[in-house]
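Let me begin by presenting the structure, written as structure tokens, before commenting on it.
Atoms considered below: every heavy atom in the structure, side chains included; atoms not considered: hydrogens, waters and symmetry mates. Residue numbering restarts at 1 for every chain, and letters A, B, ... go by the order of the sequence lines.
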Amino acid sequence: MAEEVSITKAYIGNTCIVSALGVGASQTYAAMLEGRSGLQFVNMPNVCETSLPIQKIADEYRHENLSRLESLMHKCVADIVEKTGIDVRSQRNVIVFATTKGNIADLTTEMPENGSRIYLYNMAMRVSQSLDFQTKPIVISNACISGVSAVIAAQRMIECGKYDNVVVVGGDEVTDFTTSGFLAFKSVSQNPCRPYDASRDGLSLGEAVAAILLTNNKMLSQGYHIAGGAMTNDANHISGPSRTGEPLAEAIRTSMAEAGAEISDVAFVNAHGTATLYNDEMESKAISLAGLSEKPINSLKPYFGHTLGASGVIEMVIGIEELRHHTLLGTLGYQSLGTPMPLNVSAQNRPVEGTCFVKTASGFGGCNASVVVMADEVDHAKNESVTDEVCTRKCHVKNGVISVDGSDVFSSHSADFSQFVREAYHAVESDAKYSIKFSKMSDLCRLGYVAMHHLLKGISYEPYDVAIVMANRSSSLEADLKHWRIFNEGEASPGAFVYTLPNIVLGEVAIRFGIKGETIFFVDNQVDTANEYAKMLLSKYPKTVVAWIEKSGDDYVFDATLYMKKQ
Amino acid sequence: MEELKTQLKQQIIDALNLEDITPADIDNEAPLFGEGLGLDSIDALEIILVLERHHGIHISNPAEARPIFKSINALAEFVAANRK
């Protein structure tokens with residue numbers, strides 16, 4: 001029996017930024033108003049013969065026991081704690097980390113030890129403990145939408161009453177590891193990126209750390225709240241964006257519906273705008289499908305570069321300043337529109353009017369996210385249907401055996417991973433067209449691919465009706481080592497680099513099974529957080545999968561539950 | 001030319017880590033992308049790297065390379081005409 005309950009709101013309590021343009025939202029916003037960019041030509045001799053426009057941040061916040069990235073994250077969270085006085089020791093307060101690669105600068109060609117800070121969960125624990133937080137940190141690694149994903153996850157955790165205060169901190173460094181990969185993809189411009197422009201020829205990379213406090217305490221609100229958030233998957237390609245833009249448009253529509261926002265309420269759209277040919281094309285189609293073509297739109301990538309895990313957070317922080325000052329920052333470098341569908345872009349700062357803005361992001365693994373940030377004076381009551389009538393199906397993979405609800409459905413002659421996974425693949429897939437795709441996948445993806453066949457067997461669903469939550473401890477570490485080994489032997493391989501994001505397994509699964517709902521990846525020491533999060537999705541999706549998926553050396557395990565709401 | 005075609009096929013198989021496929025399985029006329037071998041945009045970048053690494057051919061704009069990826073025949077002709 002579904003019933004409606006009113007839910008609390010996720011207010012924006014405070015924010016912090018560390019970028020090349022300054023510290024804090026106001027200082028950074030002021031620099032941007034003057035048209036200043038953090039991009040500077042930097043030499044990265046190991047990866048590129050020419051210098052590249054990159055945002056680098058100065059090393060002034062080194063905490064003695066923390067890595068460079070951890071120190072910056074510590075600085076941002078400490079700043080928010082100090083300004084708001086939230087109780088770090090409360091079990092109701094937590095930090096959510098958004099990062100693609102964390103301390104990847106430490107990676108060598110050897111497998112790191114268990115305690116290494118290369119493990120994203122260890123990194124998060126180190127920062128969390130250095131600030132005296134008592135709760136387990138939460139880590140989201142969802143490619144280029146990590147930051148927006150983390151804000152949406154935090155919004156849901158506040159709204160369902162799990163936490164009082166959630167500090168979302170997003171950060172990534174510019175490293176040889178990541179830069180070599182984007183160069184191998186031929187997606188880096190030699191000049192500062194020019195989103196949406198006819199002459200755009202790729203992205204610029206940047207590093208930054210940014211944090212946002214979401215709180216259920218309206219007294220701490222800076223006047224804005226996260227009114228709606230949604231994620232979708234293209235189910236099209238692991239690195240190329242959707243050809244139609246429909247899945248991003250669906251995320252925008254869903255987030256606006258959740259927020260109760262009409263098109264006329266929207267002051268502006270701050271899109272992803274990486275300035276790669278295909279991303280910006282896709283966005284123009286999605287914005288058009290969502291009915292927002294006439295709304296002023298900008299991309300902040302010309303100011304910060306693409307800051308990966310930080311991008312969604314830092315751009316949302318600046319978006320709040322733009323809404324507050326009724327001013328939309330210009331998209332630096334823009335001259336003439338070069339997208340198939342119309343967009344209202346300008347290089348100049350412009351006045352804007354409205355009570356909310358839409359922030360979007362899209363990334364590898366086919367993932368899209370959209371958030372609506374709304375002024376508190378617009379006070380739509382939010383209700384959510386709750387239901388406890390759920391049935392489940394479980395799938396378990398270990399030692400060469402796949403079982404569903406406790407019964408063995410496949411068993412290999414060998415527990416050895418590569419032999420097992422190939423046998424398991426041929427047992428479920430006879431169509432040759434999938435064979436090449438499968439042979440190119442990382443082991444983590446292969447494991448998810450064969451296991452999901454059994455979990456979803458005979459289950460019917462509409463594309464947008466299924467969400468998938470996955471988690472593990474090692475992230476994409478084996479693929480990371482492979483990319484790094486190939487790079488050190490000569491030249492980075494795009495086919496190896498793409499798998500250095502853990503959420504690619506979600507993309508592979510979404511493509512194969514035609515699933516277009518939310519896909520999100522947690523990095524953790526156990527499955528509990530992902531499982532709790534999956535249950536939060538039951539009010540939004542008829543079916544939700546949560547899976548622990550690990551492949552590390554000889555060890556592999558897949559342990560999944562499919563939750564199905566009773567009709 | 002036949003030797004070059006076989007060599008290119010093996011280099012593509014190695015670069016893309018295509019298990020279960022031998023040069024004999026790849027039809028010289030069949031499209032490499034889409035309906036034929038089923039390669040995608042990431043594979044195109046890998047093949048561009050093969051051309052750089054093994055044949056000294058540099059392609060800076062992947063979009064320009066589209067016609068030469070039509071088939072193994074087209075690729076081999078291009079390599080024969082441009083290799084250093």
Side-chain angles (χ1 to χ4, degrees), chain A residues 49-50 180-190 201-202 236-241 243 276-278 281 364 366 418-419 421-423 425-426 429 431-443 445-446 479 482 486-487 489-499 504 507-508 511, chain B residues 8-72 75 78-79 83-84:
Chain A
E49 288 166 8
T50 56
S180 64
F182 278 101
L183 284 165
F185 258 94
K186 303 216 182 281
S187 55
V188 180
S189 177
Q190 295 293 315
D201 63 356
N236 174 55
H237 193 269
I238 53 169
S239 64
R243 305 243 171 210
T276 64
L277 189 59
Y278 296 118
E281 275 188 9
F364 278 8
S418 54
Q419 192 175 338
V421 83
R422 283 173 60 144
E423 283 178 23
Y425 170 79
H426 289 296
E429 201 89 273
D431 191 335
K433 75 174 176 178
Y434 296 112
S435 158
I436 287 180
K437 290 191 191 305
F438 188 75
S439 69
K440 291 186 293 187
M441 286 181 197
S442 69
D443 283 347
C445 291
R446 292 179 186 193
K482 183 177 176 186
I486 294 172
F487 169 72
E489 284 169 5
E491 196 163 14
S493 144
F497 177 67
V498 71
Y499 290 104
I504 298 299
E508 297 281 18
I511 294 166
Chain B
L8 280 168
K9 288 180 194 176
Q10 190 59 52
Q11 286 163 351
I12 290 171
I13 289 168
D14 292 344
L16 302 182
N17 192 24
L18 302 178
E19 295 168 7
D20 306 334
I21 290 186
T22 65
D25 296 331
I26 305 176
D27 182 348
N28 289 340
E29 296 285 344
L32 297 176
F33 296 89
E35 284 311 296
L37 199 53
L39 304 185
D40 69 7
S41 52
I42 303 176
D43 304 322
L45 294 168
E46 293 284 6
I47 297 173
I48 288 173
L49 283 177
V50 165
L51 299 185
E52 281 180 20
R53 202 175 297 143
H54 298 294
H55 305 281
I57 300 172
H58 189 77
I59 296 170
S60 55
N61 183 356
E64 286 167 11
R66 234 167 251 169
I68 62 170
F69 292 146
K70 223 176 76 191
S71 62
I72 287 292
L75 191 62
F78 176 78
V79 171
R83 67 177 155 189
K84 293 181 180 111

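With rounding to the nearest 0.5 angstrom, the CG atom of B:L39 is 8.5 Å from the NZ atom of A:K437. A:F497 contributes atom CZ, which lies 12.0 Å from atom CG of B:L45 (distance to the nearest 0.5 angstrom).
At a 4.5 Å heavy-atom cutoff, the contact between B:I59 and chain A is made by backbone atoms alone. Of the atoms belonging to A:L277, not a single heavy atom falls under 4.5 Å from chain B. With a threshold of 4.5 angstrom between heavy atoms, A:F185 approaches chain B through its backbone and through its side chain.
At most 12 heavy atoms of other shown residues, nucleotides or ligands fall within 6.0 angstrom of atom NZ in B:K70. For A:E49, the CD atom sits in a loose shell: 12 or fewer heavy atoms of surrounding residues, nucleotides or ligands are nearer than 6.0 Å.
Nearest heavy-atom pair across B:D40 and A:K440 is OD1-NZ, 3.9 Å.
Shown here are the side-chain contact (heavy atoms from CB on, under 4.5 Å) partners of A:I486, two or more places apart in sequence or in another chain: A:K482, A:S493, A:A496.
Heavy-atom pairs under 4.5 Å with chain B peak, among A:S439, A:G495, A:P494, A:A184, at A:P494. Most heavy-atom pairs under 4.5 Å with chain A: of the set B:D43, B:L16, B:I21, this distinction falls to B:D43.
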Which side-chain N or O atoms in residues 47-58 of chain B pair as donor and acceptor under 3.5 Å with protein atoms at least two apart or in another chain?
residue: B:E52; atom: OE2; partner: B:H58; partner atom: ND1; Å: 3.4
residue: B:H55; atom: NE2; partner: B:Q11; partner atom: OE1; Å: 2.9

